[in-house]
Amino acid sequence: MSGDTNRQTTEYMRLTVINPEAGKLYDVRAVAEYTAVDPDGIRTYCREGLVRAIEYKEDGEPLLDEDGIYWLRRIQDLRTEMRLEGPVLRIVLDLMQEVERLRQEVRRG
């Protein structure tokens with residue numbers, strides 16, 4: 001033995017915690033800072049329909065609102081905490097969105 005012990009390193013991410021303003025649109029760069037999802041990941045999630053862009057800029061970049069930021073955070077949680085990917089991630093997200101829709105319906109009713 002060389003005296004070296006296996007060291008486990010822990011990386012800490014620094015997130016800017018925000019409560020997005022209702023009705024405000026955020027570009028990919030701002031959303032990436034608020035969610036710790038890289039810009040390419042945000043574009044992919046929008047393209048795959050996991051997150052809904054409110055509108056697109058002339059160059060094709062998605063603009064997201066507070067709802068998009070909320071769901072990106074949920075996706076990150078599911079990927080990091082539960083290690084969900086691919087079709088399983090989509091199924092869980094669909095179920096979460098349905099539960100949210102039903103909660104809103106109960107509140108209104």
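Nearest heavy atoms, D27 versus L63: CA-CD2, 3.7 Å. Minimum heavy-atom separation, R43 to V28: NH2-CG1, 4.1 Å. Here the shortest heavy-atom pairing between Y56 and C46 reads OH-CB, 4.2 Å.
Using a cut-off of 4.0 Å between Lys/Arg side-chain N and Asp/Glu carboxylate O, R108 and E105 are scored as not salt-bridged.
Around CZ of R52, the count of heavy atoms belonging to other residues, nucleotides or ligands within 6.0 Å does not exceed 12. Shown here is R103, whose CZ atom has no more than 12 heavy atoms of other residues, nucleotides or ligands within 6.0 Å. Counted within 6.0 Å of CE on M96, heavy atoms from surrounding residues, nucleotides or ligands total more than 12; the atom is thus considered enclosed.
Taking 4.5 Å as the limit, some side-chain heavy atom of Y45 sits within range of a side-chain heavy atom of V37. Two residues are said to be in side-chain contact when any heavy atoms from C-beta on lie closer than 4.5 Å; E98 and R101 meet this criterion. At least one side-chain heavy atom of L78 sits under 4.5 Å from a side-chain heavy atom of L93.
A distance of 10.5 Å separates CD of E55 from CG of L64, quoted to the nearest 0.5 Å. Atoms CG and CG, on L50 and L89 in that order, are 6.0 Å from each other to the nearest 0.5 Å. Summarising the geometry, atom CZ belonging to R47 is positioned 12.0 Å from atom CD1 belonging to I42; distances are rounded to the nearest 0.5 Å. Rounding to the nearest 0.5 Å gives a distance of 9.0 Å between CD1 of I75 and CZ of R90.
R83 contributes a side-chain N or O that, together with a main-chain N or O of T80, makes up a donor-acceptor pair within less than 3.5 Å. Remark: side-chain polar atoms of E66 are paired, donor with acceptor, to backbone N or O of G23 under 3.5 angstrom. Side chain of R74 to main chain of Q97: no donor-acceptor pair is present (N/O by atom type, distance under 3.5 Å, no hydrogens or angles).
Residues I69 and I54 are members of separate hydrophobic clusters, defined by side-chain heavy-atom contacts under 4.5 angstrom among Ile, Leu, Val, Met, Phe, Trp and Tyr.
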